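Structure first, then comments.
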Amino acid sequence: MPSPYREIFAAPGAKGFSAAGLLGRMPLSMMGIGIVTMVSQLTGQYGLAGALSATLAVSAAVVGPQISRLVDRHGQRRVLRPATLLAVVAVAGLLVSAQQRWPDWTLFVFSAFAGCVPSVGSMVRARWAAIHRGTRELHTAYAFESVVDEVCFIFGPILAIGLSTRWFPEAGPLLAACFLAVGVLWLTAQRATEPVPHPRDHHSGGSALRSPGLQVLVGTFVAMGAIFGTVDVVTVAFAEEEGRKSAAALVLATYALGSCLAGAVFGLLRLKGDMARRWLLGVCAMAVSMIPLQLVGSLPFLAVALFVAGLSIAPTMVTTMALVEQHVPRAKLTEGMTWTSTGLAVGVALGSSAAGWVVDASGAAAGYAVSGVAGVLAAAVAFLGYRRLRRPAPRRPEGFVPQARGGSGAHDGDDRNDRDKGYVA
């Protein structure tokens with residue numbers, strides 16, 4: 001029996017844009033933790049480090065959906081390249097200001113502009129949706145992308161923390177910026193698989209966030225992001241208290257490894273039943289997995305606890321992307337996916353900032369209480385919004401016909417799939 005993963009890569013260009021997406025997403029796992037490591041190395045202030053990481057995340061949360069909205073209208077190449085240039089220049093300014101010990105406000109200014117980075121993961125998933133929309137291969141493609149995300153989180157922190165602690169403090173964020181530039185240039189050079197932009201008149205009805213289902217997903221992701229932000233900051237601080245700060249990268253890698261393995265298995269499954277219920281169970285599992293962290297006493301125990309906690313991440317993320325596709329019109333799909341990333345970014349900002357202050361005030365072990373509270377909030381929002389996700393998903397207005405660019409069979413297939421679903425008159 002052919003592997004489902006082999007089947008999704010049979011599409012022309014799939015290997016190329018997925019590989020470019022891997023490079024372009026490395027900063028997702030490297031930039032925030034790299035800034036935390038750099039600033040803590042230079043100043044010893046975890047509160048300042050967490051606040052700068054939060055500033056970066058908030059900026060990405062505010063700007064990211066706007067970039068994706070422009071992408072839906074004008075295409076990936078025209079929008080992503082100038083946005084990436086701005087982000088890379090801002091990172092360079094951040095590194096110089098940190099190295100030269102400029103006033104703290106300059107660090108916050110450059111961190112804010114460094115957050116003007118496109119959501120590369122959403123861009124890649126939009127390409128998968130353009131190729132496999134309406135087929136079971138799309139589930140496998142989303143699972144593969146979740147595995148790629150976790151590969152980034154396995155190796156990204158190792159690179160960022162390892163380089164910043166063993167080479168020079170600014171090395172981690174510097175490499176992250178290089179990955180971003182190369183990944184985006186490579187991705188946008190691949191025009192054949194780029195989703196067709198939708199003209200302005202296909203974007204009636206305002207933001208994709210007006211979808212009730214998407215609101216539930218984003219709200220839950222805020223709390224989930226707080227979990228991730230807390231785990232990053234507190235794990236670095238805990239490892240430093242244990243006298244092995246560089247080991248934080250390996251411990252965080254076990255968290256991502258658990259998610260990576262779970263995502264790979266999840267992509268092989270052909271699941272049936274209520275997708276919203278599956279998503280709710282995943283969120284609850286993430287919340288329960290935060291309990292062992294409250295008992296952490298050593299780095300080996302922490303690594304095991306984080307590995308187990310990671311098992312619920314990728315399946316929940318895969319199901320979330322499928323729900324986004326159900327509840328957001330196709331003309332706003334990239335924006336809709338980016339809003340979930342925005343929710344995570346806001347949560348990471350809140351979690352990392354709160355965790356940094358708790359660590360400074362009460363020690364590293366106390367910081368994991370923030371992740372426990374975030375888990376409870378995620379489960380609560382998911383329960384309260386569950387009915388919204390089970391309501392019929394919105395459909396396109398009658399008469400909508402996408403404007404396809406010539407020569408792309410993938411786009412023609414999209415139109416046929418939409419017509420079969422009743423989206424196209």
Side-chain angles (χ1 to χ4, degrees), residues 22-46 48-57 59-60 84 87-88 90-99 107 110-111 114-115 117 120-121 148-184 225 228-240 244-257 259-260 299 302-303 306 310 344-345 348-349 351-352 355-356 359 364:
L22 170 62
L23 282 182
R25 266 177 290 182
M26 287 298 289
L28 181 67
S29 63
M30 294 179 63
M31 192 64 72
I33 195 67
I35 290 175
V36 169
T37 306
M38 175 184 70
V39 174
S40 64
Q41 286 278 99
L42 294 174
T43 69
Q45 301 179 47
Y46 278 96
L48 175 62
L52 289 171
S53 178
T55 300
L56 179 78
S59 175
T84 299
V88 169
V91 172
L94 175 63
L95 301 187
V96 172
S97 60
Q99 197 275 334
L107 299 177
F110 284 121
S111 293
V117 60
V120 178
V148 172
D149 284 338
E150 300 311 328
V151 169
C152 292
F153 278 97
I154 290 173
F155 294 104
I158 294 175
L159 289 172
I161 297 175
L163 291 176
S164 291
T165 55
R166 297 177 183 272
W167 197 3
F168 57 91
E170 301 85 2
L174 176 61
L175 183 60
C178 293
F179 278 140
L180 175 64
V182 173
V184 169
F228 302 151
T230 300
V231 168
D232 280 352
V233 173
V234 179
T235 299
V236 173
F238 186 82
E240 184 176 35
R244 300 173 60 190
K245 186 174 182 178
S246 61
L250 295 176
V251 175
L252 289 173
T254 64
Y255 192 30
L257 179 61
S259 179
C260 182
L299 284 176
L302 177 59
L306 287 178
L344 283 176
V348 168
S352 60
V359 167

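What you see is a predicted model; the values in this text were computed from it and never measured.
Sequence neighbours left out, the pairs with a member in residues 22-36 that pass salt bridge (charged side-chain N to carboxylate O under 4.0 Å, His left out) are Arg25-Glu145, Arg25-Asp149.
Atom CG of Leu257 is separated from atom CG of Leu250 by 11.5 Å, given to the nearest 0.5 angstrom. Considering CE of Met26 and CG of Leu180, their distance stands at 12.0 Å, rounded to 0.5 Å. Between atom CZ of residue Phe179 and atom CG of residue Leu174 there is a gap of 10.5 Å, rounded to the nearest 0.5 Å. Atom CE in Met30 sits 4.0 Å away from atom CG in Leu175 (nearest 0.5 Å). For the atom pair Leu302 CG and Leu252 CG, the distance stands at 8.0 Å (nearest 0.5 Å).
When the side chain to side chain contact (heavy atoms under 4.5 Å, CB included) test is applied to Thr254, the partners found at least two apart in sequence or on another chain are Ala303, Leu306, Phe307. Applying the side chain to side chain contact (heavy atoms under 4.5 Å, CB included) criterion to Val233, with sequence neighbours excluded, gives Val36, Ser352, Ala355. Scanning for side-chain hydrogen bond (donor to acceptor under 3.5 Å, both in side chains) contacts around Ser164 gives an empty result, with sequence neighbours left out. Applying the side chain to side chain contact (heavy atoms under 4.5 Å, CB included) test to Ala114 and every residue at least two apart in sequence or in another chain returns Leu56, Ala90, Val91. Under the rule for a side chain to side chain contact (heavy atoms under 4.5 Å, CB included), the partners of Val182 that lie at least two apart in sequence or sit in another chain are Leu23. Scored by the side-chain hydrogen bond (donor to acceptor under 3.5 Å, both in side chains) test, Ser259 finds Glu150 as partners (sequence neighbours excluded).
The heavy-atom pair separating Gly172 from Leu163 by the smallest distance is N-CB, 4.3 Å. The minimum heavy-atom distance linking Met31 with Ala176 is given by the pair CE-CB, 3.6 Å. The two atoms that bring Ser97 and Leu107 nearest to each other are OG-CD2, 3.2 Å, heavy atoms only. When all heavy atoms of Ser111 and Leu52 are compared, the pair lying nearest together is OG-CD2, 3.7 Å. Taking each heavy atom of Ala98 and Met38 in turn, the nearest pair found is CB-CE, 3.9 Å. In terms of heavy atoms, Ala364 sits closest to Val234 at O-CG1, 3.0 Å.
Distance alone, capped at 3.5 Å, places no donor-acceptor pair between the Ser59 side chain and the Thr55 backbone.
Here the side chains of Val96 and Phe110 are not in contact, with every heavy-atom distance at 4.5 Å or above. Proximity of Leu94 to Glu170: side-chain heavy atoms (C-beta onward) are nowhere separated by under 4.5 Å. Using a 4.5 Å heavy-atom cutoff, the side chains of Leu22 and Cys152 are in contact.
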